[in-house]
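First up is the structure itself, then whatever we jot down about it.
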2 protein chains.
Amino acid sequence: MTILRSPRLDDGTARGIPDATVARLPIYLRALNALTERGVSTCSSNELAENAGVNPAKLRKDLSYLGSYGTRGVGYDVEYLRYQIAREIGQTQDWDVVIVGVGNLGSALSAYQGFSTRGIRVAALVDADPRRIGTTISGQTVSSLDDLGAIVSERNISIGIIATPGTAAQEVADRLVAAGITSILNFAPALVQVPDGVDVRKVDLSIELQILAYHEQRKAGTDKVVNA
Amino acid sequence: MTILRSPRLDDGTARGIPDATVARLPIYLRALNALTERGVSTCSSNELAENAGVNPAKLRKDLSYLGSYGTRGVGYDVEYLRYQIAREIGQTQDWDVVIVGVGNLGSALSAYQGFSTRGIRVAALVDADPRRIGTTISGQTVSSLDDLGAIVSERNISIGIIATPGTAAQEVADRLVAAGITSILNFAPALVQVPDGVDVRKVDLSIELQILAYHEQRKAGTDKVVNA
DNA sequence: AGGAGTTTGTGAACGCGTTAACAAAATCGA
DNA sequence: TCGATTTTGTTAACGCGTTCACAAACTCCT
Ligand SMILES: NC(=O)c1ccc[n+]([C@@H]2O[C@H](COP(=O)([O-])OP(=O)(O)OC[C@H]3O[C@@H](n4cnc5c(N)ncnc54)[C@H](O)[C@@H]3O)[C@@H](O)[C@H]2O)c1
Ligand SMILES: NC(=O)c1ccc[n+]([C@@H]2O[C@H](COP(=O)([O-])OP(=O)(O)OC[C@H]3O[C@@H](n4cnc5c(N)ncnc54)[C@H](O)[C@@H]3O)[C@@H](O)[C@H]2O)c1
């Protein structure tokens, strides 16, 4: 009698897609867009899986959580499937984000053109440094951290990006939450505590490189065997 | 009679630490450094786990793959454990990386001070744009992509970062591999194919935000219930 | 010396994610 | 119409990662 986080509810509504699947849906979307650009209008799971770099069985299982959008013996209609995935992950609308901390990384993020094609719009830039406040970065005026609450509610922003030093991360997170933000992407190498109902994802670029370094070290130890 | 990728080999040598554990070891390292700075010389698994934001049992299991470095009834010696983890993940030496593509993101990465304290050294910057080649960014001269092979072998670089547009990613990966690079961190939204023996990790910031957007969409649908 | 208290290291259970395998459902040609 | 062929959707098996729970090992106090 344990309560399961079942992908499908009893009423048949597809809900609660596994995290691992959610993380891959944007990849499929990108692959479908690439197929459209190449003029392909129908594809099999093998074809799409190849383009996305995943196992075909995994792709089909992932898609099965959304519904039954393929045709047996035929495959998937590229445009139709693209729309269904986009709808599922909320890409039929744009999501506004605020970047807090427009230093090296925050500036690079604010200049990135690739977000807009994925339904992400950088709607506001915020910093605490008086020398940065009021300046224009990538066509946007940098606002004060103190105006965060007003900006978030005015522009209906629900996602915040922390690109400040680690020491400021918790304070910034608290302010974002107080302003009504319910999703945070944290680039600072620090743990942030948030109340229930707020999602936090962490991107740690140092760790990515450290993981590669670990494998490099292991390779060095077995190189004689591998290169023999 | 299947061959297992066992954490421990028959001779007792600790090898083949699980991927999930490897990804957390740098977090523990950071937490241990923080404890040292606070003057703490001994800590329990509960204490360290709290600082790292993980379950204590998970922490102990992770550490058990490295060896038995704690004392029952006492806990861990912070400095000793820090050294053991550092040694395990290759942080007793510096790892040199080359950044290919010094645009917005590549420049931000090259300016980042946080890498050096984690054993990562940005040893070279490379670009294909003649207007960038020869300029100085974060105190380093930008070299031509054509000199990649010489730079990599001269400076003994084993890790490459791709920060070029997605369209150039595969070509850059090929060049990195040809130059002798065996680990790649790819920021471009593109799949890159590499030979066996070369590790590739992908960081996709759009997808991180898209995952948050998905959860935002779900929250919107259940808000009435949650906020009731 | 011995018992009470503390904390590690690990065995075992559990759950999630991945993958293989196949029945169901479609197309196509004869 | 029917059999051969293709490809999906799904079930079942498997492996990895997480977590609980506890014996083993240590400290400390009397
Ligand atoms: N630059 C990189 O490539 C890189 C790589 C990995 C991780 N990071 C992490 O990303 C974060 C940002 O890095 P960066 O290189 O852009 O740093 P940076 O120093 O260039 O920029 C930080 C910005 O945050 C602002 N800031 C400081 N405190 C603030 C506060 N309380 N509220 C609002 N703004 C505040 C500063 O004024 C500055 O503009 C850091 O945590 C860093 O560790 C950066
Ligand atoms: N800027 C961001 O915040 C951000 C966010 C997410 C993803 N990305 C991805 O990171 C990558 C870099 O982004 P960016 O904003 O820095 O782009 P950018 O256009 O600012 O810089 C790209 C750089 O790569 C160089 N380049 C192009 N072709 C090259 C080649 N064949 N060899 C070597 N160098 C080459 C260009 O000269 C330029 O300097 C892109 O793939 C982008 O999609 C960037």
Side-chain angles (χ1 to χ4, degrees), chain A residues 1-8 12 14-25 27-28 32 35 40-78 80-81 84-85 88 211, chain B residues 1-8 12 14-25 27-28 32 35 40-78 80-81 84-85 88 211:
Chain A
M1 266 294 286
T2 50
I3 297 173
L4 298 172
R5 186 183 60 92
S6 72
R8 270 172 201 274
R15 288 292 89 192
I17 296 173
D19 292 344
T21 296
V22 171
R24 281 188 296 268
L25 291 178
I27 302 177
Y28 303 151
L32 287 167
L35 287 174
V40 179
S41 61
T42 298
C43 70
S44 67
S45 62
N46 275 324
E47 205 173 342
L48 184 54
E50 178 129 356
N51 276 273
V54 300
N55 182 302
K58 195 192 287 190
L59 169 72
R60 291 201 298 277
K61 181 136 232 304
D62 283 343
L63 295 183
S64 76
Y65 292 119
L66 313 191
S68 188
Y69 298 132
T71 310
R72 297 178 191 218
V74 179
Y76 301 93
D77 181 281
V78 172
Y80 180 61
L81 182 59
Q84 292 299 340
I85 295 178
E88 188 66 41
I211 293 171
Chain B
M1 267 293 286
T2 50
I3 298 174
L4 298 173
R5 185 184 61 92
S6 71
R8 272 170 200 274
R15 287 293 88 194
I17 295 173
D19 292 344
T21 297
V22 171
R24 281 187 296 267
L25 292 179
I27 302 176
Y28 302 151
L32 287 167
L35 288 175
V40 179
S41 60
T42 300
C43 69
S44 68
S45 63
N46 274 324
E47 204 175 342
L48 184 54
E50 178 130 352
N51 275 275
V54 302
N55 182 301
K58 195 191 285 189
L59 168 72
R60 290 200 300 275
K61 185 147 257 291
D62 283 343
L63 295 184
S64 77
Y65 292 120
L66 312 191
S68 187
Y69 298 133
T71 309
R72 298 180 190 214
V74 178
Y76 300 94
D77 181 281
V78 172
Y80 179 61
L81 182 58
Q84 293 299 339
I85 295 178
E88 189 65 41
I211 292 171

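Note on naming: letters A, B, ... go to the chains in the order of the sequence lines (proteins, then strands), and numbering restarts at 1 for each one.
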D:dG9 OP1/OP2 closer than 4.0 Å to side-chain N/O of A:Ser68
yes

Strand contacts (DNA chain D) in residues 48-59 of chain B, 4.0 angstrom heavy-atom criterion
B:Asn55, B:Ala57, B:Lys58

For B:Ser44, which residues count as a side chain to side chain donor-acceptor pair (under 3.5 Å) partner, sequence neighbours excluded?
none

Rounding to an integer number of Å, can you tell me how far A:Asp62 CG sits from C:dT19 C1'?
12 Å

What is the distance from CZ of B:Arg24 to P of D:dC16, rounded to the nearest Å?
15 Å

If you look at every heavy atom in A:Ile85 and A:Tyr28, which pair is closest and at what distance?
CD1-CB, 4.0 Å

Calculate the interatomic distance between B:Asp19 atom CG and D:dG15 atom C1'; express it in whole Å.
13 Å

Listed once per pair and sorted, the salt bridge (charged side-chain N to carboxylate O under 4.0 Å, His left out) pairs that draw on residues 45-58 of chain A, sequence neighbours left out:
none

Return no unless some side-chain N or O of B:Tyr76 is found under 4.0 Å from OP1 or OP2 of C:dT6.
no

Test item: B:Tyr76 and B:Leu63 side chains (from C-beta on) under 4.5 Å apart, heavy atoms:
yes

Between D:dT11 (P) and A:Tyr65 (OH): distance, integer Å
11 Å

I need a per-nucleotide contact map over nucleotides 22-30 of chain D, read 5' to 3'. Cutoff is protein heavy atoms under 4.0 Å; write B for the base, S for backbone only, - otherwise.
-BBBBS---

Once side chain to side chain contact (heavy atoms under 4.5 Å, CB included) is applied, do any residues pair with B:Tyr80, and if so which ones, sequence neighbours excluded?
B:Tyr69, B:Asp77, B:Gln84

The side chain to side chain contact (heavy atoms under 4.5 Å, CB included) partners of B:Ala49 (sequence neighbours excluded) come to B:Val54, B:Pro56, B:Leu59

Applying salt bridge (charged side-chain N to carboxylate O under 4.0 Å, His left out), name anything that partners A:Arg24, two or more places apart in sequence or on another chain.
A:Asp62

Spacing between B:Asn46 atom CG and D:dT19 atom C1', to the nearest angstrom:
14 Å

Report the distance from atom CD1 of A:Ile17 to atom P of C:dG17, rounded to the nearest whole Å.
12 Å

Roughly how many Å is it from CD in A:Gln84 to P in D:dT8, rounded to a whole number?
16 Å

Picking from D:dT7, D:dT18, C:dT7, the nucleotide nearest the side-chain atoms of B:Ala20 would be D:dT18

Of the non-hydrogen atoms in A:Ala52 and A:Ile27, which two are nearest, and what is the gap between them?
O-CG2, 3.7 Å

Please give, in whole Å, the distance from C:dC14 P to B:Lys61 NZ?
16 Å

Please report the interatomic distance CG(B:Leu81) to CG(B:Leu66), rounded to the nearest 0.5 Å.
8.0 Å

